[in-house]
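Take a look at the structure below.
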Amino acid sequence: MKTILYNGSGDVPQVADYLKKGQVVGMPTETVYGLAANALDGAAVAKIFEAKNRPMDNPLIVHISDLDQLLELTTEVPFTAIQLANAFWPGPLTMVFERSDLVPNEVTAGGNTVAVRMPSHPLALELIKECGFPLAAPSANRSGSPSPTTATHVMDDMKGLIPAVLDGGSCTVGVESTVLSLSHGNPRLLRPGGVTKEQIESIIGAIEVDPSVLENVHLETVSSPGMKYKHYAPKAKVTLLRGEGEAFCRFVNQQKEEGIAALCFDEDGERLNVPVLSLGSVQQPKDWMHRLFGQLRKADQLGYTKVYAHCPPKEGEGLAVYNRLIRAAAFDEREL
Ligand code: TXA
Ligand code: MG
């Protein structure tokens, strides 16, 4: 299959035509690129799993452009969801609700809940409006590899597998949306992302954090199925090192292996004598999110076989970065 790269607002109607015909396209969002299909068409959604080589038991996020669509997709919208939607939509927050009959099983992996978000990327919103139906979309990478944050990344992974990619530039946030369950019991953070736990708590008070966010939990008990797969991993072996900058640099400089690189902060980079993949200044947590996946991909392009990553703090934006890094490292984290 030939994959055509489309560009900008003028091409939105053409890209929408593929979706109206039940095909799958690459779509920009502010978090990462998505692999989109008509969320109300089970057969179209099944094609996403095929292109991505994704296990069918991992449900998808449904992307909407207005709140009426949320009401159609769900049976109950708690007041907390309205408060959070007011604060963070359009934007990188996904909320999990009880689903309505309109949502096909392919989207929910057969479950009773549906994950919904309203993205803020103008082209994503235009595309959903042009289609007139919501779009189911996982990240547009092949399963297991780092999420794509540019149209080039999507082409690298999906060329020949889908008919079209809409280029919307480099994703401003750079990691996936925050996933918050509101479907039963107390609000629970299933995946940290573009909206921080602290931002959510400033609106609705304390929330629970699912154990899978920070640990390698037992597979059967995980509430966000996406968290159980090896994820975000480059080909290089990643080890996460926790400690001050000085200790990190001393440890890395002592290593004698071939093919080493350091994934760390600008401030570390100045003191290292191995190649550096920088996440930005230690003072700029948003930059860490923005750069993370691109740097993991770069590690492979440059042929590094061993990456020592400097552990970010497990709070604010750092929590989302930590959550991805610990999976890229297959939970190999060491205290210095
Ligand atoms: O930022 C994002 O969220 C991007 C862009 C494209 O919107 N999408 C994305 O999708 O990251 P994906 O499929 O890579 O991750 C979706 C996550 C997975 O961890 C999945 O298990 C979880 O959301 N999820 C989806 N539906 C769910 C549900 N009904 N209950 C619990 N978790 C759900
Ligand atoms: Mg993904």
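The shown structure was predicted, so the numbers you read here are calculated from the model rather than taken from an experiment. All ligand and atom numbering here is 1-based and tracks the order in the structure. All values below come from the heavy atoms of this structure, side chains included, with hydrogens, waters and symmetry mates left out. In this chain, residues are counted from 1 in sequence order.
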State if [X] counts as touching ligand 1 under the rule of any non-hydrogen atom under 4.0 Å.
X: His63; answer: yes
X: Arg117; answer: yes
X: Thr108; answer: no

Picking from Thr113, Asn112, Asn105, what satisfies side chain to side chain donor-acceptor pair (under 3.5 Å) with Arg99?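 Looking at Thr113, Asn112, Asn105, the match for Arg99 under the side chain to side chain donor-acceptor pair (under 3.5 Å) is Asn105.
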The Mg ion (ligand 2) contact by Asn141, N, O or S atom under 2.8 Å: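 So Asn141 does not bind the Mg ion (ligand 2) by this criterion.
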Show me which atoms of ligand 1 lie under 4.0 Å from any heavy atom of [X].
X: Ser139; value: 8 (N), 9 (C), 10 (O), 12 (P), 14 (O)
X: Gly34; value: 6 (C)
X: Arg54; value: 12 (P), 13 (O), 14 (O)
X: Ala115; value: 25 (C), 26 (N), 27 (C), 29 (N)
X: Thr113; value: 28 (C), 29 (N), 30 (N)

Ile200 and Val195: CA distance, side-chain angles, deciding distance, side chain to side chain contact (heavy atoms under 4.5 Å, CB included) verdict: CA-CA 7 Å; Ile200 293 172; Val195 173; 3.8 Å; yes
Is ligand 1 under 4.0 Å from a heavy atom in the side chain of Glu98, in the backbone, in both, or in neither?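 Neither part.
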Applying salt bridge (charged side-chain N to carboxylate O under 4.0 Å, His left out), run through Asp157 and Arg297 and close with a yes or a no. CA-CA 11 Å; Asp157 279 21; Arg297 281 178 180 254; 3.1 Å; yes
For atom 33 (C) of ligand 1, the option (of Ser212, Ala124, Pro59, Ala140) bearing the nearest heavy atom: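 Of the listed residues, Pro59 has the closest heavy atom.
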Heavy-atom nearest option to atom 8 (N) of ligand 1, drawn from Ala136, Gly193, Ser181, Ala137: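 Among Ala136, Gly193, Ser181, Ala137, the closest heavy atom to atom 8 (N) of ligand 1 comes from Ala137.
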Give yes or no for whether the N/O distance cutoff of 3.5 Å, strictly under, is met between [X] and ligand 1.
X: Tyr33; value: no
X: Lys52; value: no
X: Glu176; value: no
X: Ser177; value: yes

Taking atom types as modelled and ignoring hydrogens, do the side chains of [X] and [Y] form a donor-acceptor contact shorter than 3.5 angstrom?
X: Glu176; Y: Ser147; answer: yes
X: Thr239; Y: Lys306; answer: yes
X: Ser281; Y: Glu267; answer: yes

Show me, pair by pair, the donor-acceptor contacts under 3.5 angstrom made by side chains of residues 73-81, not counting sequence neighbours?
residue	atom	partner	partner atom	Å
Thr74	OG1	Leu70	O	2.7

Heavy-atom count around Glu244 CD within 6.0 Å, excluding the residue itself: above 12?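 Not more than 12 within 6.0 Å, no.
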How would you list all residue pairs meeting side-chain hydrogen bond (donor to acceptor under 3.5 Å, both in side chains) that involve residues 125-138, not counting sequence neighbours?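 Sorted result for residues 125-138: Ser9-Glu126.
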Kindly say whether Ile207 contributes a backbone atom to a donor-acceptor pair with the side chain of Lys197 at under 3.5 angstrom?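 Such a contact is absent between Lys197 side chain and Ile207 backbone.
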